[in-house]
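For the single chain, residues carry numbers from 1 onward in sequence order.
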Amino acid sequence: MIRSDLVLRLAAQNPHLYERDCVAVVDAILDCIADALVAGDRVEIRGFGSFSVKERPARAGRNPKTGAPVSVSAKGALAFKAGKEMRERVNLEARATTP
């Protein structure tokens, strides 16, 4: 599912809202999550999961083509951990479709 699919599904479930209002709601939520992560905060959505930024330290790497050593700078990596309810829901659906 992509952002436009999410907007369309939200609009279909709420016929009293215009599609442009649904776009604004989805954008506002995603922007708030992104802003919090940029600020270094952890974002937790109960029943869904949590987003956080983990710091990756600088390290020495290798160019796979030439084998030459390359320095890789430190960076932040986005991490997502599914919540208990989401894990259970996904696992129930996976078991139901397995023959």
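- Connection of L30 to L8 is not established within any shared hydrophobic cluster, with ILVMFWY side chains joined at heavy-atom distances below 4.5 Å, either directly or through further cluster members.
- Applying the side-chain hydrogen bond (donor to acceptor under 3.5 Å, both in side chains) test to R46 and every residue at least two apart in sequence or in another chain returns E44.
- For the side chain to side chain contact (heavy atoms under 4.5 Å, CB included) test, residues two or more places apart in sequence or in another chain that qualify with A36 are D41, V43.
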- For the pair R9 and M1, evaluate side chain to side chain contact (heavy atoms under 4.5 Å, CB included) and give the outcome as yes or no after the intermediate values. CA-CA 10 Å; R9 189 175 284 188; M1 176 182 290; 3.3 Å; yes
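- R87 places a side-chain N or O within donor-acceptor distance of the main-chain N or O of A82, the cut-off being under 3.5 Å.
- Residues V53 and V72 are members of separate hydrophobic clusters, defined by side-chain heavy-atom contacts under 4.5 angstrom among Ile, Leu, Val, Met, Phe, Trp and Tyr.
- Hydrophobic clustering (side-chain heavy atoms under 4.5 Å, transitive across Ile, Leu, Val, Met, Phe, Trp, Tyr) groups L37 together with F80.
- Among residues two or more places apart in sequence or in another chain, the side chain to side chain contact (heavy atoms under 4.5 Å, CB included) test is passed with N14 by L10, H16, L17.
- Taking Y18 as the reference, R20, D21 meet the side chain to side chain contact (heavy atoms under 4.5 Å, CB included) condition, with sequence neighbours excluded.
- Of all heavy-atom pairs spanning N63 and V70, the tightest one is N-CG2, 3.9 Å.
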- Passes side chain to side chain contact (heavy atoms under 4.5 Å, CB included), D27 versus V7? Steps please. CA-CA 9 Å; D27 287 344; V7 169; over 6 Å; no
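- Side-chain heavy atoms closer than 4.5 Å link hydrophobic residues (I, L, V, M, F, W, Y) into clusters, and following such links, even through other members, never connects V25 to I2.
- The side-chain hydrogen bond (donor to acceptor under 3.5 Å, both in side chains) search around S50 returns R42, not counting sequence neighbours.
- A donor-acceptor contact shorter than 3.5 Å is absent between the side chain of R56 and the backbone of K75.
- One hydrophobic cluster, built from ILVMFWY side chains closer than 4.5 Å, cannot hold both I45 and V38; they sit in different ones.
- Every residue two or more places apart in sequence or in another chain was checked for a side chain to side chain contact (heavy atoms under 4.5 Å, CB included) with E85, and none qualifies.
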